[in-house]
*Asks:* 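Questions regarding the structure given below will be posed in turn.
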Amino acid sequence: MIVDYHMHLRKPESGPVGSYSAAYAEEYVTQGRLAGVDEIGFTEHIFKFRESKELWQIEWMRERCTDGLDDYVGAVTEARSRGLPVKLGLEVDFFPGIERQLAELLEPYPWDYLLGSVHYVDGFPVDQEPGLVHRIPVGEAWRRYFVWLRDAARSGLFDCLSHPDLIKFFGMRASDEERQYLYIETADAIEAAGVCVEVSTAGLYKPVGELYPDRELLAACCERGVPITLASDAHEPGHVGRDLDQAVALAREVGYETVTVFELRERRQEPLG
């Protein structure tokens, strides 16, 4: 089975207030079928929704809280009611100290799964320029990022960690020794937390030019039995399933034989297509 469990339904041209519809979701499904994807999952950014605005201290995020969460959820659930193979998810930014408020905001909705992402660390962006790696020594940036990622895993909020080594976005890396230590410590924490990691092709189109996560981190996760999902991080229908063959090849290379399928926050394993 092939899933693509990370994509964004907001129409880029919809203006200050986002547009979400089952018809647009169907365009993603159509492209997914062409790309050999069996099931897709929508995971719009939580900071797109005005219901989340009071949670954020980052002004860049607060400026983008313009959409209605019910509009998004309604579009995906309507698509599912039409028989389309879609799942309802959300990409949720992790910040320490707001776990209870996040849980309260998310609780009323019938999520199939929630992605946990670390886009900011100590107020600095990870994948925007100038990023965390430009502001402090690279090794320290990597250390801080993975502390936050481990805390996200332990928070109990998430089912899967998205682009788990996003800190490499600009191609700047900690030393081999530092990375090896961070990967082992992080894989141990993810295993203990019982969450998944995604194998994402989005990094192929970023400055780093490679999959998330590194082979070494993914191998460490596989050794510990951490389940995986697959992801393109599509922001438009044409990107659904993009280069997932490379994600599958990497997963198989390190020893994975199954992929995770979610439904109402319960998971099962299916043979990896």
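Numbering of residues begins at 1 and proceeds along the displayed sequence. Note that the structure is a prediction, hence the values are computed from the model and not measured.
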*Asks:* Please report the interatomic distance NE2(H119) to CZ(F95), rounded to the nearest 0.5 Å.
*Replies:* 9.5 Å
*Asks:* Who passes side-chain contact (heavy atoms from CB on, under 4.5 Å) against Q128, sequence neighbours left out?
*Replies:* W60, Y120, P125
*Asks:* Answer yes or no: are there more than 12 heavy-atom neighbours, outside Q180 itself, under 6.0 Å from its atom CD?
*Replies:* no
*Asks:* Using 4.0 Å as the upper bound for N to carboxylate O, is an ion pair formed by E39 and K87?
*Replies:*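 Between E39 and K87 there is a salt bridge, with a charged N closer than 4.0 Å to a carboxylate O.
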*Asks:* Between the side chains of E253 and R215, is the shortest nitrogen-to-carboxylate-oxygen separation below 4.0 Å, so that they form an ion pair?
*Replies:*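 Judged by the 4.0 Å cut-off on N to carboxylate O distance, R215 and E253 do form a salt bridge.
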*Asks:* Over 60° means perpendicular and under 30° means parallel, so classify the ring planes of F47 and H45, tilted if in between.
*Replies:*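 Rings of H45 and F47: parallel, as their planes differ by under 30°.
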*Asks:* Grab the two heavy atoms, one from S52 and one from I46, that are nearest each other, plus how far apart they are.
*Replies:*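 Closest approach of S52 to I46, heavy atoms only: OG-O, 3.0 Å.
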*Asks:* Could you tell me whether the side chain of F169 reaches within less than 4.5 Å of the side chain of Y212, counting heavy atoms only?
*Replies:* yes
*Asks:* Report the C-alpha distance between K53 and E51 in whole Å, list the side-chain angles of each, state the deciding distance to 0.1 Å, and finish with yes or no for salt bridge (charged side-chain N to carboxylate O under 4.0 Å, His left out).
*Replies:* CA-CA 6 Å; K53 186 172 184 177; E51 292 88 347; over 6 Å; no
*Asks:* Tell me, do R62 and Q57 make a side-chain contact under 4.5 Å, heavy atoms counted?
*Replies:*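 Answer no - side chains too far apart.
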*Asks:* Evaluate ring-ring contact (aromatic ring centres under 6.0 Å, His included) for Y28 paired with Y24, printing each intermediate quantity in order.
*Replies:* CA-CA 7 Å; Y28 282 77; Y24 194 43; 5.2 Å; yes
*Asks:* In Å, rounded to the nearest 0.5 Å, how long is the span from OH of Y113 to OG1 of T43?
*Replies:* 5.0 Å
*Asks:* Run the salt bridge (charged side-chain N to carboxylate O under 4.0 Å, His left out) test on D67 and R50 for me, step by step, so that the C-alpha distance in whole Å, both residues' side-chain angles and the decisive distance to 0.1 Å come before the verdict.
*Replies:* CA-CA 6 Å; D67 303 349; R50 52 184 176 266; 5.9 Å; no
*Asks:* Quick check: closest heavy atoms across P110 and L88, and the distance to 0.1 Å?
*Replies:*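 Closest approach of P110 to L88: O-CD2, 3.6 Å.
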*Asks:* Taking salt bridge (charged side-chain N to carboxylate O under 4.0 Å, His left out) as the test, write out the residues that go with D112, two or more places apart.
*Replies:* R80
*Asks:* Mind checking the CG-NZ spacing from L211 to K168? Nearest 0.5 Å is all I need.
*Replies:* 7.0 Å
*Asks:* Got a sec, which residues hit salt bridge (charged side-chain N to carboxylate O under 4.0 Å, His left out) with D159, two or more places apart in sequence or on another chain?
*Replies:* R265
*Asks:* Step through it carefully: locate the ring centre of H134, locate the ring centre of F170, and say whether they are under 6.0 Å apart.
*Replies:*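 Ring centroids of H134 and F170 are less than 6.0 Å from each other.
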*Asks:* Group every Ile, Leu, Val, Met, Phe, Trp and Tyr by side-chain heavy-atom contacts under 4.5 Å, then state whether F42 and L34 land in the same group.
*Replies:* no
*Asks:* Answer yes or no: is there an ion pair linking D233 with R242, defined by an N-O contact shorter than 4.0 Å?
*Replies:*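 Not counted as a salt bridge, because no side-chain N and carboxylate O are separated by less than 4.0 Å.
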*Asks:* Taking all non-hydrogen atoms of both residues, which atom of F49 and which atom of L90 are closest, and how far apart?
*Replies:* CE1-CD1, 3.8 Å
*Asks:* Pair E91, R10 - check salt bridge (charged side-chain N to carboxylate O under 4.0 Å, His left out), show working.
*Replies:* CA-CA 13 Å; E91 183 177 4; R10 192 184 201 270; over 6 Å; no
*Asks:* Can you tell me how far the NE2 atom of H235 sits from the OH atom of Y205, to the nearest 0.5 Å?
*Replies:*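 The OH atom of Y205 is 14.5 Å from NE2 of H235, to the nearest 0.5 Å.
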*Asks:* Which heavy-atom pair separates G273 from I2 by the least distance, and what is that distance?
*Replies:* O-CD1, 3.7 Å
*Asks:* List the atom of Y5, the atom of T260, and the distance in Å for their closest heavy-atom pair.
*Replies:*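 The answer is CE1-O, 3.5 Å.
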*Asks:* Only one of K48, E44, H239 forms a side-chain hydrogen bond (donor to acceptor under 3.5 Å, both in side chains) with H8, so which one is it?
*Replies:* E44
*Asks:* With a 4.5 Å heavy-atom cut-off, do E26 and R82 have their side chains touching?
*Replies:* yes
*Asks:* Atom NE2 in H163, atom CG in L149: separation rounded to 0.5 Å?
*Replies:* 10.5 Å
*Asks:* Linking I/L/V/M/F/W/Y whenever any side-chain heavy atoms sit under 4.5 Å apart, do Y145 and I184 land together?
*Replies:*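 Per the 4.5 Å side-chain linkage, Y145 and I184 are not co-clustered.
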*Asks:* Atom CD1 in I40, atom CG in D4: separation rounded to 0.5 Å?
*Replies:*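 The distance works out to 7.5 Å.
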*Asks:* Side-chain contact, heavy-atom cut-off 4.5 Å: L272 with V248?
*Replies:*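 Heavy-atom side-chain distance check passes, below 4.5 Å.
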*Asks:* Taking only Lys NZ, Arg NE, NH1 and NH2, and the carboxylate oxygens of Asp or Glu, determine whether E236 and K11 approach each other closer than 4.0 Å.
*Replies:* no
*Asks:* Over all heavy atoms of both residues, which pair between L157 and L114 is shortest? Give the atoms and the distance, please.
*Replies:* O-CD1, 3.5 Å
*Asks:* Using 4.0 Å as the upper bound for N to carboxylate O, is an ion pair formed by R150 and E185?
*Replies:* yes
*Asks:* So among L217, D188, L218, which one has a side chain to side chain contact (heavy atoms under 4.5 Å, CB included) with Y183?
*Replies:* L217
